[in-house]
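The structure appears below as structure tokens.
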Amino acid sequence: PSHDITEQTDIVLGIDRTKNWEYATISAAKKLADGSYQTELVAGFAGVTEQQLYNKVRELYARGNVIAITLDDRQMPNLAKRLKTDGLPLWQLWTKEISSACSTVYAMFTAGAVKHRGDPLLVVQSPKGIAKYTGETWLISRRDSLGDIDALMATVMALYVAATHQEHGIQVF
């Protein structure tokens, strides 16, 4: 069965890039009426620039179905600033929130609450993500992971915000 996001409403976009901007991924996630989630990769880039990412996010947002956009604040502070200045509903995740996102999304997958179409890039990158433990918490470590994990991290962040935004309301900083 296809697990594409069929109803293009209430979409959360997750954006991530590789260390040297070789690649970037935009992932989408949404919460379904039954409490489960759908996710898919919506855009992938090679040799991407911040301007290209900005243009694509603006294009996707202009369609009117995006309720939140999320990224790792340490990875793309300038892009975050531009999107915020434009008034887009941006969630900037800091290290502690990335840790919560990893735990939350792991639990969602373990419970079978995530439907996805098996995007090849996500399938390849998922086992490359290496957990780094700090005290009681853990996160997927960019430094320790085995290769690129931009699609994995974009998906984790999109699913996390899709799971948490309705309880807390959209945060606009």
Side-chain angles (χ1 to χ4, degrees), residues 4-5 7-31 37-105 114 116 119 121-122 125-126 128-129 132 139-145 147-173:
D4 288 0
I5 295 176
E7 194 182 321
Q8 299 288 325
T9 57
D10 300 333
I11 302 292
V12 174
L13 298 178
I15 311 163
D16 200 52
R17 67 168 177 89
T18 57
K19 186 177 170 198
N20 297 315
W21 290 86
E22 299 100 335
Y23 302 102
T25 301
I26 299 175
S27 183
K30 77 170 278 162
K31 187 172 187 175
Y37 297 85
Q38 277 181 313
T39 186
E40 67 182 70
L41 302 183
V42 292
F45 303 87
V48 70
T49 64
E50 181 184 297
Q51 186 63 44
Q52 288 171 309
L53 271 181
Y54 173 82
N55 292 345
K56 187 63 176 180
V57 170
R58 290 301 315 234
E59 174 196 321
L60 292 167
Y61 185 74
R63 294 180 188 173
N65 53 15
V66 174
I67 56 169
I69 299 160
T70 183
L71 50 77
D72 180 333
D73 194 68
R74 299 162 304 163
Q75 291 290 98
M76 293 176 277
N78 290 340
L79 180 61
K81 192 175 183 177
R82 291 176 73 185
L83 295 171
K84 238 187 345 192
T85 300
D86 289 351
L88 273 60
L90 185 68
W91 281 47
Q92 294 167 263
L93 302 182
W94 304 88
T95 304
K96 194 175 205 175
E97 292 163 303
I98 296 290
S99 179
S100 294
C102 292
S103 299
T104 299
V105 173
V114 179
H116 61 92
D119 289 294
L121 186 59
L122 198 53
Q125 286 189 6
S126 292
K128 293 181 178 183
K132 178 180 179 183
L139 54 76
I140 298 170
S141 167
R142 292 176 193 284
R143 188 179 21 216
D144 299 336
S145 290
D148 298 331
I149 57 167
D150 54 303
L152 174 62
M153 292 309 296
T155 299
V156 165
M157 291 185 290
L159 282 166
Y160 174 70
V161 172
T164 58
H165 87 277
Q166 286 163 324
E167 293 139 40
H168 303 301
I170 297 295
Q171 303 171 350
V172 180
F173 296 101

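From a predicted model like this one, the values you see are computed outputs, not experimental measurements.
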### Summary
On a heavy-atom basis, the closest approach of Ile140 and Ser145 is CG2-OG, 3.9 Å
#### Entry: Rounded distance (nearest 0.5 Å) linking atom CG of Leu60 with atom CD1 of Ile69
8.5 Å
### Min side-chain heavy-atom separation Ile26-Phe45 under 4.5 Å
yes
### Summary
Rounded to the nearest 0.5 Å, the NZ atom of Lys96 sits from the CG atom of Leu139 at a distance of 12.5 Å
### Task
Heavy atoms only: give me the nearest Gln52-Val48 pair and the separation to one decimal.
OE1-CA, 3.2 Å
### Query
Given side chains that start at C-beta, do those of Arg142 and Asp72 come closer than 4.5 Å, heavy atoms only?
yes
### Query
Counting only heavy atoms not in Tyr23, do more than 12 fall under 6.0 Å of its OH?
no
### Message
Using side-chain heavy atoms (C-beta onward) and a distance below 4.5 Å, is Arg17 in contact with Gln75?
### Response
yes
### Task
Any chance you could measure Leu121, atom CG, to Ile149, atom CD1, to the nearest 0.5 Å?
11.5 Å
### Summary
Minimal heavy-atom distance between Met76 and Leu53, with the atoms involved, is SD-CD1, 3.8 Å
### Summary
Of all heavy-atom pairs linking Val42 and Ala28, the shortest is CG1-CB, 3.7 Å
### Summary
Output for pair (Ser103 OG, Ile98 CD1), nearest 0.5 Å, gives 11.5 Å
### Message
Taking Asn65's backbone N and O only, do any of them form a donor-acceptor pair with Thr9's side chain (distance below 3.5 Å, no angle check)?
### Response
no
### Query
Taking only residues two or more places apart in sequence, or in another chain, which ones meet Asp73 in a salt bridge (charged side-chain N to carboxylate O under 4.0 Å, His left out)?
none
### Query
Can you name the residues that form a salt bridge (charged side-chain N to carboxylate O under 4.0 Å, His left out) with Arg82, not counting sequence neighbours?
Glu50
### Whether Asp86 side chain and Leu88 backbone form a donor-acceptor pair below 3.5 Å
no
### Query
Okay, side chain of Lys128, backbone of Asp148: is any donor-acceptor separation there less than 3.5 Å?
no
### Task
Please determine which of Asp16, Leu152, Leu13 meets the side chain to side chain contact (heavy atoms under 4.5 Å, CB included) test together with Met157.
Asp16
### Query
Is the backbone of Trp91 close enough, under 3.5 Å, to the side chain of Thr70 for a donor and an acceptor to pair up by distance?
yes
### Query
Roughly how far, to the nearest 0.5 Å, is the OG1 atom of Thr49 from the CG atom of Leu79?
10.0 Å
### Message
List the residues meeting side-chain contact (heavy atoms from CB on, under 4.5 Å) with Asp144, not counting sequence neighbours, and say none if there are none.
### Response
Ile130, Lys132, Ser141
### Query
Which residues pass the salt bridge (charged side-chain N to carboxylate O under 4.0 Å, His left out) test with Arg63, sequence neighbours left out?
Glu59
## Note on the structure
Separation between CG (Asp10) and NZ (Lys30), nearest 0.5 Å, reads 5.5 Å
### Task
Would you please name every residue forming a side-chain contact (heavy atoms from CB on, under 4.5 Å) with Asn55, sequence neighbours left out?
Gln51
#### Entry: Which atom of Ala158 lies closest to which atom of Gly14, heavy atoms considered
CB-N, 3.6 Å
### All pairs passing side-chain hydrogen bond (donor to acceptor under 3.5 Å, both in side chains) where residues 150-162 contributes a residue, at least two apart
Thr25-Asp150, Ser27-Thr155, Gln125-Asp150
